[in-house]
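In this chain, residues are counted from 1 in sequence order.
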Amino acid sequence: MRNLGRFESLNGQTARKDILAGITVGIVAIPLGMAFAIASGVKPEYGIYTTVIAGLLVALLGGSRFQIAGPTGAFIPILLAIVLEYGYSDLLVAGFMAGIFLVIMSFLKIGDLIHFVPRAVTIGFTAGIAVTIFTGQIGNFFGLEGVERKEFFHENMWELLRNIGTFNGYAFLTAAIGLAVIIILPRIAPRVPLFLAALLIPTLVSVLFYPGHLPTIGTAYGGIPQQLPEFRLPEITGSKILELWQPALIIAALGAIESLLSAVVADNMAGGKKSASNRELFGQGIANMAAPLFGGIPATGAIARTATNIRAGAVSPLSGVVQSVFVLLVLLLFAPFASHVPLASMAPILMLVAWNMSGLRSFIKISHLKTGDSAVLWVTFLLTVFVNLTVGVQVGFLLAVLVFLKKMSGKLKVRPAEATPDDYIYSGIPKESSLRTARVEGPLFFGTAQVFEQEIEKLLETRSDVLMLRLHGLSALDAGGVAALSFAHDLAERQGVRLLFQGIPDEKKILLRKSGLYEKIGAENMVK
């Protein structure tokens, strides 16, 4: 492990810090693991199993010294949608496939490209997920009965309204106590684990003063087994692969984005050595392949728990290992007590998670820009809320690409320039020939090719013997740009105008040679 670099600072003194940090994070992870699992439509113990297995493997195999992995709020809408449409067993298949995708991403070095995901898309779908999580807990907060989980947002809202008459005052009181703990406790006792306190205090109140008057983990799910999860292989068939590859790919993409963002946050907080992004994806992939073998749901790097890990004094990935061992011991020793936890006590915890992940300030800032990024933000957000995360991300990303291409098309400038005596000398043009010059600056690629061609047509409308294009400022060139240069050459040739290319950067000439355009133009028409 020391050879991996992430464990290089591990010694007796730092190990004690890691053990304390791991226990601290484990205390935070237990209520979140159960809450995220329930919100995803599966039994609470599956969240615990995921916390143990994914947390251990990411700590051992990942690329960050501080990353804590497990179930996260970002996965809730997509996992719930899979459970509602396909069932829990197929969720395991999708999770296993997502792990394979993540491992493939690591070998393809996709981690180096994750930073190109537009911020407007990330903020948009994250805010959409936050709304979905928050509204999904309204029923538990008010103790509504008979509320069925639906696929679409408007259907879920109608379910809440339809069952408003089943309001449970005991559940509301329990959730209100938990909310009060969340608001007050950080001000008077900031060192006390907030999520654990917000879970235990309402639970104790309900058990002592009104037992049996509201749904609990025991009544809803039969409690949590006091045993290790059983090993079982997901039932993977050809038809299921064809059916689930797209949800699995979305899980993998979302997991990659969140885990790498979490690693970046950890790097900034720790101020130390940067994480290895592709190794992190590899660790996340192995973790997501292993978790379904024990009934676990998809996992990724958890920003809040990772930040808690750093604040608690973690030095190496040993803290992540300790966290997993601690959660496992709690499962084996205290699982029966979880049966008394009211579902209402988890509602304010998940609502707080939703609020923290909403990125409201960033959302407002981008909205106020009133640019293409604002449109991308709102389209991604609305589609994530009212359709689903898959559609929101796909359409948002496509719109972001179109907005980018629109912006880049304005970056290409083709400006007339004054011809100089040196132009005649270096190009060997007879002095009696009429010479027209233009300066081309910016990227010439498929998104700007049409603009370039239109400008060339305008330049050739003014009759001259020679047209020289100054290309020193050509910042980018792709196959579309090469085609545009070929168009300019052919058009000038048809009109009897000699076209000269001056100052093409050497790295751009390589592409011209590979395409055959360099020979077509001729070396005599290439001017330094």
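Between the side chain of N140 and the backbone N or O of A344, no donor-acceptor pair lies under 3.5 Å. Here the side chain of D18 pairs no donor or acceptor atom with the backbone of A314 at under 3.5 angstrom. A donor-acceptor pair is defined here as one N or O able to donate and one able to accept, closer than 3.5 Å; such a pair exists between the side chain of E155 and the backbone of F152. No side-chain donor-acceptor contact under 3.5 Å links Q226 to the backbone of P336. Under a 3.5 Å cut-off, the side chain of S106 and the backbone N or O of V103 do form a donor-acceptor pair. Remark: the backbone N or O of G22 is not paired with any side-chain donor or acceptor of Q323 at under 3.5 angstrom. Panel note: side chain N388, backbone V391; a donor-acceptor pair is recorded below 3.5 Å. When atom types are taken as modelled, the side chain of Y221 and the backbone of E45 share no donor-acceptor pair closer than 3.5 angstrom. A distance-only check finds no donor-acceptor pair linking the side chain of E280 to the backbone of G62 [under 3.5 Å]. In this structure, D373 contributes its side chain and L369 its backbone to no donor-acceptor pair below 3.5 Å.
Ring to ring, F363 and W378 are close: their centroids are under 6.0 angstrom apart. Close placement of the Y88 and Y46 rings is indicated, their centers lying within 6.0 Å of each other.
Looking at Q67 and S262, their side chains do bring a donor and an acceptor atom within 3.5 Å of each other. Checking T174 against Y210 by side-chain atom types alone, a donor-acceptor pair falls below 3.5 Å. S319 and N309 form a side-chain donor-acceptor contact under 3.5 Å, judged by distance and modelled atom types alone.
Atom NZ of K17 has 12 or fewer neighbouring heavy atoms from other residues, nucleotides or ligands inside a 6.0 Å radius. Annotation: F153, atom CZ; neighbour count of heavy atoms from other residues, nucleotides and ligands within 6.0 Å is above 12. The local environment of CD in Q227 is crowded, with over 12 non-hydrogen atoms from other residues, nucleotides or ligands closer than 6.0 Å. With a 6.0 Å radius and a threshold of 12 heavy atoms from other residues, nucleotides or ligands, F167 has its CZ atom above the threshold. Crowding of F337 atom CZ: a count of heavy atoms from other residues, nucleotides or ligands under 6.0 Å not exceeding 12.
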TODO: Apply side-chain contact (heavy atoms from CB on, under 4.5 Å) to the pair I251 and T300, showing each step before the final yes or no.
DONE: CA-CA 9 Å; I251 292 172; T300 185; over 6 Å; no
Open item on the list: Using side-chain contact (heavy atoms from CB on, under 4.5 Å), reason through I38 and M346 one step at a time and then give a plain yes or no.
Closed with: CA-CA 9 Å; I38 292 173; M346 293 188 175; 3.5 Å; yes
- [ ] Please lay out, stage by stage, how V353 and F36 fare under the test side-chain contact (heavy atoms from CB on, under 4.5 Å).
- [x] CA-CA 10 Å; V353 170; F36 290 146; 3.9 Å; yes
Open item on the list: Could you walk me through whether N288 and F96 satisfy the side-chain contact (heavy atoms from CB on, under 4.5 Å) test, starting with their C-alpha distance in whole Å, then the side-chain angles of each, then the deciding distance to 0.1 Å, before giving a yes or no?
Closed with: CA-CA 6 Å; N288 277 284; F96 186 86; over 6 Å; no
Open item on the list: Quick one, R119 with S362, criterion side-chain hydrogen bond (donor to acceptor under 3.5 Å, both in side chains). Give me CA distance, side-chain angles, the key distance, then yes/no.
Closed with: CA-CA 10 Å; R119 180 169 171 77; S362 298; 2.9 Å; yes
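Heavy-atom minimum distance, L350 versus I133: O-CG2, 3.7 Å. When all heavy atoms of Q284 and G301 are compared, the pair lying nearest together is NE2-N, 3.5 Å. Scanning both residues, I82 and P247, for their nearest heavy atoms gives CD1-CB, 3.8 Å. Smallest separation of non-hydrogen atoms from T203 and S345: OG1-OG, 4.1 Å. Shown here for V315 and F66, the closest heavy-atom pair between the two residues is O-CE2, 3.8 Å. Pairing each heavy atom of L79 with each of P298, the nearest pair is CD2-CG, 3.7 Å.
A distance of 11.0 Å separates CE in M289 from CG in L57, rounded to the nearest 0.5 Å. Atoms CZ and CZ, from F294 and F231 in turn, are 6.0 Å apart once rounded to the nearest 0.5 Å. If you take CD1 on I297 and CG on L92, they are separated by 10.0 Å, rounding to the nearest 0.5 Å. Rounding to the nearest 0.5 Å places CD1 of I19 at 6.0 Å from CG of L318. To the nearest 0.5 Å, the span separating CG on L214 from OG1 on T216 amounts to 7.0 Å. In this structure, OG1 on T122 lies 11.0 Å from CD on E258, to the nearest 0.5 angstrom.
At least one side-chain heavy atom of M34 sits under 4.5 Å from a side-chain heavy atom of I224. Contact check for L329 versus F326: no side-chain heavy atoms found under the 4.5 Å cut-off. Considering only heavy atoms from C-beta on, K365 stays 4.5 Å or farther from H368 through its side chain. The shortest distance between side-chain heavy atoms of L383 and F125 does not fall below 4.5 Å. With contacts defined as side-chain heavy-atom distances shorter than 4.5 Å, the pair T51/I30 does not qualify. In this structure, the side chains of L399 and T380 stay at 4.5 Å or more apart for every pair of heavy atoms. Put simply, the side chain of S339 does not reach to within 4.5 Å of the side chain of I217, judged on heavy atoms. For the pair L144 and L160, the minimum side-chain heavy-atom distance is below 4.5 Å.
Electrostatic pairing of K240 and E243 does not count as a salt bridge here, judged by no charged N lying under 4.0 Å from a carboxylate O.
Here the options are I182, I138, T135, the test is side chain to side chain contact (heavy atoms under 4.5 Å, CB included), and the partner is M351; only I138 passes.
Under the 30°/60° scheme for interplanar angles, the aromatic rings of F107 and F282 are found to stand perpendicular.
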